[in-house]
Amino acid sequence: FLGKWTNKPNPSDSFQIVRNSDEFLIVGQGNKISALYKDGTLEVRGELLPVNLTYVKQTDTLLGPGFFGEVEYRRQK
């Protein structure tokens, strides 16, 4: 999960995942949000409901919820 990730269809949408002790921090667009690793996903504590980011090893991508279905993020090299 660690590294910088960019939205595949919208490159201006990106964030970085860093380690913060036992938690992870998702840093992007002036915000920092904490997340916990749980059941193979990162659970992001949102304002309303938790959101899960799932890592897909075969494609080295993250999948997360979007307004119109899942959003795919690619790791920046």
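Numbers here are sequence positions counted from 1. The structure displayed is predicted, hence computed values, not measured ones.
Ile26 CD1 to Ile17 CD1: the interatomic distance, rounded to the nearest 0.5 Å, is 5.0 Å. In this structure, Thr54 OG1 and Glu72 CD are separated by 12.0 Å, a value rounded to the nearest 0.5 Å. With rounding to the nearest 0.5 angstrom, the OG1 atom of Thr41 is 10.5 Å from the CG atom of Leu62. Residue Lys8 holds its NZ atom at 8.0 Å from OG1 of Thr59, rounded to the nearest 0.5 Å. Summarising the geometry, atom CH2 belonging to Trp5 is positioned 7.5 Å from atom CZ belonging to Phe15; distances are rounded to the nearest 0.5 Å.
Summarising the geometry of Glu43 relative to Pro50, their closest heavy-atom pair is CG-CB, 3.8 Å, with the distance given to 0.1 Å. Closest of all the heavy-atom pairs between Pro11 and Ser14 is O-CB, 4.5 Å.
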query = Run the side chain to side chain contact (heavy atoms under 4.5 Å, CB included) check on Arg19 and Phe1 step by step: do they pass?
reply = CA-CA 9 Å; Arg19 191 89 174 163; Phe1 289 102; over 6 Å; no

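Counting heavy atoms from C-beta on, the side chains of Ser34 and Leu36 never come closer than 4.5 Å. Two residues are said to be in side-chain contact when any heavy atoms from C-beta on lie closer than 4.5 Å; Leu42 and Val51 fail this criterion. Put simply, the side chain of Lys4 does not reach to within 4.5 Å of the side chain of Tyr73, judged on heavy atoms. Counting heavy atoms from C-beta on, the side chains of Leu53 and Val44 come closer than 4.5 Å. No side-chain heavy atom of Leu63 sits less than 4.5 Å from a side-chain heavy atom of Val71. For the pair Asp60/Lys77, a side-chain contact is recorded, criterion being any heavy-atom separation below 4.5 Å from C-beta on. Contact annotation: the side chain of Thr6 never approaches that of Arg74 to less than 4.5 Å [non-hydrogen atoms, C-beta and beyond]. Side-chain contact between Leu25 and Gln16 is absent, with no heavy atoms from C-beta onward closer than 4.5 Å.
Counting only N and O atoms by type, the side chains of Ser12 and Asn10 include a donor and acceptor under 3.5 Å apart.
Considering only residues two or more places apart in sequence or on other chains, Lys32 meets the salt bridge (Lys or Arg N to Asp or Glu O under 4.0 Å) condition with none of them.
Using the six-membered ring where Trp is involved, Phe24 and Tyr37 have ring planes that are tilted, between 30° and 60° apart.
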